[in-house]
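Here is the structure we will look at.
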Amino acid sequence: PNPQSPIPNPQSPYKNKFKIFSVFNKFILVIKIKFKKINIILLKKMMNFALILFFIIFFKYKSNEIENSNNIKKNLVIGAVKNYNWQIIAPFFRSYQSAGFENCDCVMYVGNMLEETIEKIKECGVKVYPIPEKYSNLSLINYRWKIYEDYLNENNGKYKLVLTADLRDSIFQKDLFKIYENHKPFLGISKEDLYLSEGMNSEWLENAYGVDVAKSLRNKRIFCVGTLWGTVDKFIEASDMLWKKLGSEWSVKLNVIEQ
């Protein structure tokens, strides 16, 4: 070797840049020695084309992988509340915060609440929205179903499982969405006693639909929607059905509650 030749810089920016290409060139050199009749220029073009094709496929795969990871659907806890102070609803939000929910949004519509209460709700990782005023002639217990339906339709494709629960008497112990992971369409609803054995529910039913209807349903079982959960499609169906019944003018006159 020429003693005057400069020592190659191991940190040269070109070293890594052409490393892969040099490997291909060495491969081509071996082929050239063994098979002299091969068109080396054509072979180089083919190898370079193969290399470019490889990178195109690789980066396309990575971009699809990133896109799919961004499109993973979340679960949703949603509710509506008004007129409560923090002490009443704190167990709900604090238990949600500590229950270990993964890949989940908690969305809450609020009305007539102190700003400090709203801030405490947000501190628990909850997205807070004001209750729309357009349904103010109805009870929140009725028009909340329209709020839920509208939110899910506006966020179409974002969620897979949805849960709503009464805030005042519900707490979380764990991420219950992990219980059901095959995501076949379903609606989960709590089953209670018969109407004849539930004085308060029987009274609500009588006030809403009249004595005759209440009597005809005395031996029917109560399904409470205070806690309702399921796949998005079934949850929207239930919300739409409840809203059509509870949001009608007839319902306003009779002060219908969710029976």
Side-chain angles (χ1 to χ4, degrees), residues 68-81 92-93 95-96 99-110 125-129 131-132 134-135 138-195 198 201 204-205 208-209 213 217 220-248 250-251 256-259:
N68 290 336
S69 65
N70 291 334
N71 289 335
I72 293 176
K73 292 184 179 181
K74 293 183 174 183
N75 297 316
L76 173 67
V77 175
I78 191 168
V81 59
F92 180 94
F93 293 109
S95 64
Y96 167 81
F101 280 86
E102 297 179 0
N103 193 35
C104 180
D105 285 344
C106 184
V107 171
M108 202 59 48
Y109 285 85
V110 304
V126 179
K127 298 179 181 180
V128 178
Y129 300 98
I131 290 175
K134 57 183 177 180
Y135 307 120
L138 287 175
S139 169
L140 176 61
I141 202 171
N142 293 348
Y143 70 76
R144 57 178 171 162
W145 300 107
K146 179 59 175 173
I147 294 176
Y148 303 160
E149 182 183 1
D150 287 348
Y151 180 84
L152 289 170
N153 286 328
E154 289 168 6
N155 292 274
N156 182 38
K158 185 176 181 179
Y159 299 107
K160 51 187 176 182
L161 297 175
V162 190
L163 164 77
T164 187
D166 292 336
L167 274 68
R168 192 172 58 177
D169 55 2
S170 301
I171 61 171
F172 299 99
Q173 294 176 292
K174 63 185 298 184
D175 183 354
L176 79 167
F177 292 120
K178 292 180 179 179
I179 299 172
Y180 193 89
E181 295 185 340
N182 63 4
H183 305 154
K184 291 182 180 179
F186 83 100
L187 188 69
I189 192 167
S190 58
K191 185 169 66 174
E192 298 185 355
D193 294 331
L194 302 178
Y195 274 108
E198 284 277 350
N201 282 283
W204 287 343
L205 191 64
Y209 295 98
V213 173
L217 297 174
K220 300 295 184 180
R221 191 165 299 278
I222 299 167
F223 289 90
C224 176
V225 293
T227 300
L228 185 71
W229 77 304
T231 47
V232 170
D233 53 345
K234 293 300 180 182
F235 192 95
I236 290 177
E237 284 182 20
S239 298
D240 183 62
M241 181 268 295
L242 287 164
W243 169 244
K244 284 178 179 176
K245 179 65 67 174
L246 304 176
S248 66
W250 177 74
S251 300
V256 170
I257 306 179
E258 47 199 22
Q259 300 300 316

Point to revise | Heavy atoms from other residues, nucleotides or ligands near NZ of Lys158 exceed 12 (cutoff 6.0 Å) | key: yes

Exercise for review: Could you list the residues that satisfy salt bridge (charged side-chain N to carboxylate O under 4.0 Å, His left out) with Glu154, not counting sequence neighbours?
Suggested key: none

Practice item. State, with a plain yes or no, whether a side-chain heavy atom of Leu163 is found less than 4.5 Å away from one of Ile78. Key: no

Check your understanding: Parallel under 30°, tilted from 30 to 60°, perpendicular over 60°: which one fits the rings of Tyr129 and Tyr151?
Key -> tilted

Review point. Taking the side chain as C-beta and beyond, is there a heavy-atom pair between Trp229 and Ile189 under 4.5 Å?
Key: no

Check your understanding: So, do Cys104 and Asp175 sit near enough that their side-chain heavy atoms are less than 4.5 Å apart?
Key -> no

Point to revise | Contact check, side chains of Leu140 and Ile131, non-hydrogen atoms, under 4.5 Å | key: yes

Practice item. Apply side-chain contact (heavy atoms from CB on, under 4.5 Å) to Ile236 and Asn153, showing your working. Key: CA-CA 8 Å; Ile236 290 177; Asn153 286 328; 3.7 Å; yes

Review point. So do Phe92 and Arg168 actually touch side chain to side chain, heavy atoms under 4.5 Å?
Key: no

Exercise for review: With rounding to the nearest 0.5 Å, note down the distance linking CD1 in Ile147 to NZ in Lys134.
Suggested key: 9.0 Å

Review point. Hey, what's the ring geometry for Tyr180 with Phe186, parallel, tilted or perpendicular (30° and 60° as the breaks)?
Key: tilted

Check your understanding: Of all heavy-atom pairs between Glu102 and Lys178, which one has the smallest distance, and what is that distance?
Key -> OE2-NZ, 3.3 Å

Revision key, fill the gap. Heavy-atom closest pair (Leu167 atom, Ala80 atom, distance to 0.1 Å) is CD1-O, 4.5 Å

Exercise for review: Using the six-membered ring wherever Trp is involved, compare the ring planes of Phe177 and Phe101 and label them parallel, tilted or perpendicular (cut-offs 30° and 60°).
Suggested key: perpendicular

Practice item. Could you please spell out the steps behind the salt bridge (charged side-chain N to carboxylate O under 4.0 Å, His left out) verdict for Arg144 and Asp166? Key: CA-CA 11 Å; Arg144 57 178 171 162; Asp166 292 336; 3.5 Å; yes

Point to revise | Asn75 versus Tyr159, side-chain donor and acceptor atoms under 3.5 Å | key: no

Exercise for review: Over all heavy atoms of both residues, which pair between Leu228 and Ala238 is shortest? Give the atoms and the distance, please.
Suggested key: CD2-CB, 4.2 Å

Check your understanding: With Lys234, which residues qualify under side chain to side chain contact (heavy atoms under 4.5 Å, CB included), at least two apart?
Key -> Pro185, Leu187, Thr231, Glu237

Study note, to complete from the structure: Separation between CG (Asn103) and CG (Leu76), nearest 0.5 Å, reads 11.5 Å

Review point. Any side-chain heavy-atom pair from Thr164 and Phe235 closer than 4.5 angstrom?
Key: yes

Review point. Under 3.5 Å, is there a donor-acceptor pair between the side chain of Ser95 and the main chain of Phe172?
Key: yes

Check your understanding: Considering only heavy atoms from C-beta outward, does the side chain of Leu242 approach that of Glu149 to under 4.5 Å?
Key -> no

Revision key, fill the gap. Residue set satisfying ring-ring contact (aromatic ring centres under 6.0 Å, His included) with Tyr148, at least two apart, ordered chain then number -> Trp145

